[in-house]
**Q** 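One structure, as structure tokens, below. Some questions next.
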Amino acid sequence: MTTLRIPADEAGARALQDTLRTRVVLDEPGPPPGTGTVTGVDVAYDDERDVVVAAAVVLDAATLEVVAEATATGQVTFPYIPGLLAFREIPTVLAALESLSADPGLVVCDGYGQAHPRRFGLASHLGVLTGLPVIGVAKNPFTFSYEQPGPHRGDRSPLLDGDEVVGQALRTQDGTKPVYVSVGHRTGLDNACAHTLLLARGFRQPETTRRADALCRRALREATGRGPARAPGPGA
DNA sequence: GCGACAG
DNA sequence: ATCTTGTCGC
């Protein structure tokens, strides 16, 4: 496990990405889809107090049942800057991953891996730091061009940086927007798409992401007191 | 210089 | 990411 570093400024952050990207492993296929465990990671923020909560949820890859989960709380130490997302999220995500009681298997995170201006998005950064196979499944497009994939679940089209394929726009449900899949570390792109489809059986987003999202939001509410006031019921 | 821009 | 009502569709 590589030591975590948070640069003091943007230039330092970009330089560190250029250094660490040499350690990304792209010639492994990754774990076979549907076997072992898969782990979703996500974070939630409280902008008022600069608090961030990360969640890691381990699922059985065959049944999608929860095997283990963990959360971690931290202070926000880096602003959101497109291209530098990892520096904002990774410290707390690492803490959550480290306190898991089960083998994470393949890690699925929000955001990108290779589909990044310096080929070193969150998924790649997390992979290099942990040594784990990691893929990125993002909800919105970023730095690349692509054609709209076909309308059905499983349809895809490549994310292109020039003529280099850096990911896939993948339709996980008929009639919904695609998700954007890219490899982070120690996984192949076709395999990453296969995992994503198996994990997104009932919804647009992978079950890993949905579970981790729900958990870190709940943990944030409990850590920060009341979040947004719930609508008062008719009986109030 | 301007706009776009994962979460 | 987060705030936030109603509304459209199955």
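Below, read A as the first sequence line, B as the second, and so on, with proteins coming before strands; counting in each chain starts at 1.
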**Q** How would you label the contact of G136(A) with the nucleic acid (heavy atoms, under 4.0 Å): base, sugar-phosphate, or nothing?
**A** nothing
**Q** Does the side chain of S157(A) come under 3.5 Å of the side chain of Q168(A) through a donor N or O and an acceptor N or O?
**A** no
**Q** Can D18(A) and R14(A) be counted as an ion pair, charged N to O under 4.0 angstrom?
**A** no
**Q** Distance check needed: dG7(B) P versus H125(A) NE2, whole Å only.
**A** 18 Å
**Q** Give a yes/no on whether any side-chain N or O of R217(A) is located under 4.0 angstrom from OP1 or OP2 of dA1(C).
**A** yes
**Q** Find out whether the Lys NZ or Arg CZ of R88(A) is both under 6.0 angstrom from the six-membered ring centre of Y45(A) and within 45° of the ring's axis.
**A** yes
**Q** By the 4.0 Å heavy-atom rule, please label L159(A) as base, sugar-phosphate, or nothing.
**A** nothing
**Q** Quick check: F87(A) with Y80(A) (ring centres under 6.0 Å apart)?
**A** no
**Q** May I ask you to verify if any side-chain N or O of N140(A) is less than 4.0 angstrom from the OP1 or OP2 atom of dC5(B)?
**A** no
**Q** Would you indicate which nucleotide in dG7(B), dA6(B), dT2(C) comes nearest to any side-chain atom of A44(A)?
**A** dT2(C)
**Q** For Y80(A) and dG7(B), is the gap between ring centres under 5.5 Å while the planes differ by less than 30°?
**A** yes
**Q** Considering only dG7(B), dA6(B), dT2(C), which nucleotide approaches the side chain of K139(A) most closely?
**A** dG7(B)
